[in-house]
Amino acid sequence: MATRTLLTVEQLEKLPANDLRHELDEGELITMSPAARRHGKMQVRISRLLSEFVDRNRLGEVVTEVGFILSRDPGTVRAPDVAFIRAGRPETSTGFEEGAPDLAVEIVSPSDAAFEMVRKVNQYLRAGARAVWVVYPEEKQVHVFDSTGTARILDAAQTLSAPELLPGFSVPLSALFE
């Protein structure tokens, strides 16, 4: 039987900085290599579209790859590809942000397993995220989950919006997958 080495949130915060991204999944250290070009382009496009809208409407801020403490026992820290944090939420002065972002966006890479994405979505929502978008670049789809338990699958012919969280925001998915 294999054994796992478990870390705490505090131990994760003390890991040396390197070119790898780390997350903590219920105490287990997850290490990810740098993203591929296509993934990076999609991350920039989503963060730009969200940032322009959020900044124009003074709704909060959009960040990329910031660590959010979803649970301390067991330690779970996730760093979504893109996240929205509503205005008025206090910023953590050091370390990772406490709690889930209001919106977490995960971009699926070819190496990501479906069960890993489902796990992340559930962790974000349990920790208080109001919405999670899972972007599938190959399929040109976005799977939208919200805190009410609603789930939708959008394809390139549809429009992505979040009326409760980002009133007035909408973007045709065709523009997202150009």
Output for pair (Ser147 OG, Tyr124 OH), nearest 0.5 Å, gives 15.5 Å
Point-to-point distance, once rounded to the nearest 0.5 Å, from CD1 of Ile46 to CG of Leu160: 8.5 Å
Could Asp155 and Lys140 be called an ion pair, given the rule that one side-chain N must be under 4.0 Å from one carboxylate O? no
To the nearest 0.5 angstrom, please state how far the CE atom of Met117 sits from the OG atom of Ser109. 7.5 Å
Under 4.5 Å between side-chain heavy atoms, hopping through other hydrophobics if needed: is there a path connecting Val134 to Phe84? no
Out of curiosity, Thr31 OG1 to Arg21 CZ, how far, rounded to the nearest 0.5 Å? 11.0 Å
Step by step, would you call His22 with Leu12 a side chain to side chain contact (heavy atoms under 4.5 Å, CB included)? CA-CA 8 Å; His22 301 288; Leu12 177 65; 3.9 Å; yes
So, does Thr76 use its side chain to make a donor-acceptor pair with the main chain of Ser71 at under 3.5 Å? no
Applying the 4.5 Å side-chain criterion to the ILVMFWY set and letting contacts propagate, would Trp133 and Tyr136 be lumped into a single cluster? no
Stepwise side chain to side chain contact (heavy atoms under 4.5 Å, CB included) check, Ile153 with Val142: CA-CA 6 Å; Ile153 298 175; Val142 177; over 6 Å; no
Please confirm whether the backbone N or O of Ala79 pairs with a side-chain atom of Glu23, one donor and one acceptor, at under 3.5 Å? yes
Check this for me: does any side-chain nitrogen of one of Asp112 and Lys120 sit under 4.0 Å from a carboxylate oxygen of the other? no
With side chain to side chain contact (heavy atoms under 4.5 Å, CB included) as the test, would you mind laying out the steps for Val135 and Val108 before giving the verdict? CA-CA 6 Å; Val135 180; Val108 177; over 6 Å; no
Correct closest heavy-atom pair for Ile107 and Pro137 would be CG2-CG, 3.8 Å
Got a salt bridge between Glu61 and Arg89, using NZ or NE/NH1/NH2 to carboxylate O under 4.0 Å? no
N/O donor-acceptor pair under 3.5 Å between Asn122 side chain and Arg119 backbone: no
From CG (Leu24) to CG (Leu6), nearest 0.5 Å: 8.5 Å
How many angstroms lie between CZ in Phe68 and CD in Gln123, if you round to the nearest 0.5 Å? 14.5 Å
For Lys41, run the side chain to side chain contact (heavy atoms under 4.5 Å, CB included) check against Arg37, His39, Arg38, Gln43 and tell me which one passes. Arg37
Restricting to non-hydrogen atoms, name the atom on Pro80 and the atom on Val66 that form the minimum distance, rounded to 0.1 Å. CD-O, 3.6 Å
Salt bridge present between Arg78 and Asp25 (N-O < 4.0 angstrom): yes
Are there over 12 heavy-atom neighbours, none belonging to Glu65, within less than 6.0 Å of that residue's CD? yes
Count I, L, V, M, F, W, Y as connected when their side-chain heavy atoms are under 4.5 Å apart, and connections chain through other members. Are Val132 and Leu165 then in the same cluster? no
Does the side chain of Arg48 come within less than 4.5 Å of Arg45's, by heavy atoms? yes
Is any side-chain heavy atom of Leu103 less than 4.5 Å from a side-chain heavy atom of Leu166? yes
Can a donor-acceptor pair be found between the side chains of Ser161 and Thr159 at a distance below 3.5 Å? no
Please tell me whether Val144 and Leu125 are part of a single hydrophobic cluster in this structure, the criterion being side-chain heavy atoms less than 4.5 Å apart. no
Is there a path from Leu154 to Phe169 through hydrophobic residues (I, L, V, M, F, W, Y) whose side chains come within less than 4.5 Å of each other? yes
In sequence, state the C-alpha distance, the side-chain angles, and the governing distance for Met42 and Phe177, and then conclude on side chain to side chain contact (heavy atoms under 4.5 Å, CB included). CA-CA 8 Å; Met42 182 65 59; Phe177 296 113; 3.5 Å; yes
Examine distances only and state if a side-chain atom of Asp102 and a backbone atom of Arg130 form a donor-acceptor pair shorter than 3.5 Å. no
